[in-house]
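Presented below is the structure to which this report refers.
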Amino acid sequence: MNHIKQRYHALVAVKCLETYDLICSALDSMNAMRVDSISAIVEHTFVFTPDIILVDNSILADNDYNTLSYIKGTQKLSRIPIIITSSEISSRRKLLKLPLVGFAPNPLCFKSLNKMVGRYLSSSNTRALPTQSDYIDTLTSLNNKDVLKIELGKLIKQSETFDDPFSLLLIDIDDFMAFNYTYGYHEGDQVIRKVARCTQLSMIGMAGDIYRYSGAQLVALLTESGIEEAELCGDEILNKVERLDIRNTNSSYRKITISVGIVTLSCYKTISEYTLLECANKCLEEAKYLGKNCFYSRFLSPFNKPD
Ligand SMILES: Nc1nc2c(ncn2[C@@H]2O[C@H](COP(=O)(O)OP(=O)(O)OP(=O)(O)O)[C@@H](O)[C@H]2O)c(=O)[nH]1
């Protein structure tokens, strides 16, 4: 098992506890997590990658088939088997065309399900040792959070040794949950890509890099940058995203906007990556509190420490 492997090995979407128990016994020693809707599967797979997803047919509504196709179309999840507890194959032809989607026989029995889970897991060629691609976010092609942590560690060390200032910008798309619900996850993915592109364009000519930090959040690290340069860059990204003019009826600006938390570090001894990210997160919360579509910045030095 590789190092990006996370807590749960299986995601089980069910309403009824009995079905959940049956599925869990068929999973042998796998550590399962229970959810009660298809959208909850999407939410959880943003955070961790299970080895298998089992869905009880009784929770599926018609439009859930599109969501399952979305899950299968995501590069990160395309090799994860999905087993649906139903034999009504005729109405599910669309899904059968997707790789690694199977239907457990009806009525559900422990033995057949156990066999099926084993077969699907072995054919899914479950993930091997981490490769270069494990450090690249497939949606945006940016480096991921693991690389950010490594680079941040290096920058903190350099700043301790050489007193070089650097800045971290935590960028978050505003009202994105509602955007996903209104316009769909596919559209949401496009928005994340476009915001990543705006951030890249705003950093042209500046030393540093951009990372996908989590779902709707990016981090820009600006090396050799004081607070003024960081604020100018933050302002530039805000303007570029606003000028994309992507409709979001859920936002008070009626369009997609971002909020940015900025932290600049100078001559600061012994600060952890975690404390720095926490501080950026507090600045981001301030920006949200101030009405979103703006930045909030903080300068950290030996005389101005985080709370
Ligand atoms: N389309 C898409 N959505 C994602 C992805 N990763 C996370 N999300 C969604 O991003 C949303 C983030 O919402 P939040 O940051 O919690 O809240 P918000 O609605 O943006 O509200 P504010 O942050 O207060 O503006 C959640 O609904 C996640 O499901 C992704 O890769 N693609």
Side-chain angles (χ1 to χ4, degrees), residues 4 6 8 11 13 33 35-50 53 63-64 66-80 133-148 169-200 210-219 234 237-238 241-242 244 246-262 277-278 280-296:
I4 48 171
Q6 310 210 9
Y8 296 100
L11 257 185
M33 176 179 212
V35 293
D36 62 4
S37 68
I38 300 296
S39 54
I41 293 182
V42 180
E43 297 287 320
H44 282 91
T45 49
F46 287 141
V47 185
F48 75 94
T49 313
I53 297 171
N63 61 354
D64 283 336
N66 293 336
T67 314
L68 283 173
S69 306
Y70 168 83
I71 295 173
K72 287 268 94 183
T74 313
Q75 205 176 336
K76 181 179 133 192
L77 303 173
S78 61
R79 296 205 62 78
I80 310 287
S133 63
D134 289 325
Y135 297 109
I136 303 288
D137 171 57
T138 46
L139 180 69
T140 57
S141 303
L142 298 176
N143 284 322
N144 67 18
K145 195 174 182 166
D146 294 336
V147 188
L148 168 68
L169 284 71
L170 179 58
I171 301 156
D172 184 82
I173 305 173
D174 296 326
D175 305 300
F176 197 52
M177 191 185 287
F179 181 92
N180 273 327
Y181 283 115
T182 308
Y183 303 95
Y185 284 95
H186 275 296
E187 289 300 316
D189 283 357
Q190 301 307 324
V191 170
I192 296 174
R193 278 202 196 98
K194 286 178 181 164
V195 170
R197 182 82 187 122
C198 286
T199 310
Q200 277 171 324
I210 309 160
Y211 308 82
R212 175 120 184 250
Y213 182 56
S214 67
Q217 292 190 332
L218 306 175
V219 162
I237 307 168
L238 281 160
V241 171
E242 224 191 325
L244 288 173
I246 304 170
R247 196 170 147 83
N248 185 5
T249 48
N250 307 289
S251 148
S252 50
Y253 299 92
R254 314 296 288 172
K255 55 168 87 166
I256 284 287
T257 57
I258 53 164
S259 298
V260 187
I262 302 177
L277 284 160
E278 270 292 289
N281 199 36
K282 283 197 181 129
C283 291
L284 177 64
E285 279 169 12
E286 280 299 325
K288 296 268 180 190
Y289 180 74
L290 292 172
K292 306 184 180 177
N293 196 18
C294 64
F295 68 74
Y296 185 91

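Atoms within each ligand, like the ligands themselves, are counted from 1 in listed order.
Of the protein's heavy atoms, N180 ND2, 3.3 Å lies nearest to atom 9 (C) of ligand 1. In terms of protein heavy-atom proximity, atom 30 (C) of ligand 1 is closest to F46 CE2, 3.2 Å. The single protein non-hydrogen atom nearest to atom 22 (P) of ligand 1 is K288 NZ, 3.5 Å, given as residue, atom name and distance. The protein heavy atom nearest to atom 2 (C) of ligand 1 is D189 OD1, 3.3 Å. In terms of protein heavy atoms, atom 24 (O) of ligand 1 is closest to K292 NZ, 3.4 Å. Of all protein heavy atoms, the one lying nearest to atom 6 (N) of ligand 1 is G215 CA, 3.0 Å. Counting protein heavy atoms only, atom 21 (O) of ligand 1 is closest to D175 N, 3.9 Å. Looking at atom 28 (C) of ligand 1, its nearest protein heavy atom turns out to be E43 OE1, 3.9 Å.
Residue-to-ligand polar distances place F176 within reach of ligand 1: an N/O pair is separated by less than 3.5 Å. Ligand 1 has a nitrogen or oxygen under 3.5 angstrom from a nitrogen or oxygen of M177.
I258 CD1 to D175 CG: the interatomic distance, rounded to the nearest 0.5 Å, is 13.0 Å. In this structure, Y181 OH and S39 OG are separated by 4.5 Å, a value rounded to the nearest 0.5 Å.
Between the Y253 side chain and the K292 main chain, a donor and an acceptor come within less than 3.5 Å of each other. With hydrogens and angles disregarded, a donor-acceptor distance shorter than 3.5 Å links the side chain of D174 to the backbone of N293.
In this structure, F176 and F179 have parallel ring planes: the angle between them is below the 30° cut-off, well short of the 60° mark.
Among E187, R193, K194, the one residue that satisfies the side chain to side chain donor-acceptor pair (under 3.5 Å) test with Q190 is R193. Paired with I246 under the rule side-chain contact (heavy atoms from CB on, under 4.5 Å), one option of V241, I173, I256 passes, and it is I256.
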Quiz item: Where do I136 and N143 land on the side-chain contact (heavy atoms from CB on, under 4.5 Å) test, with the steps shown first?
Solution: CA-CA 5 Å; I136 303 288; N143 284 322; 3.5 Å; yes

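Close contacts of ligand 1 with D172, meaning ligand atoms under 4.0 Å from a residue heavy atom, involve 23 (O). Heavy-atom contacts of R212 reach the following atoms of ligand 1: 5 (C), 6 (N), 30 (C), 31 (O) (cutoff under 4.0 Å). For ligand 1, the atoms closer than 4.0 angstrom to any heavy atom of G188 are 1 (N). Short contacts between ligand 1 and I173, defined as distances under 4.0 Å to a heavy atom of the residue, involve ligand atoms 20 (O). In summary, the atoms of ligand 1 found under 4.0 Å from a heavy atom of D174, numbered by their order in the structure, are 25 (O).
Between T249 and Y183, some side-chain heavy-atom pair lies under the 4.5 Å cut-off. Looking only at side-chain heavy atoms (C-beta outward), L277 and N281 stay at 4.5 Å or farther from each other.
The shortest separation from a heavy atom of E285 to ligand 1 is not under 4.0 Å, leaving the residue out of contact.
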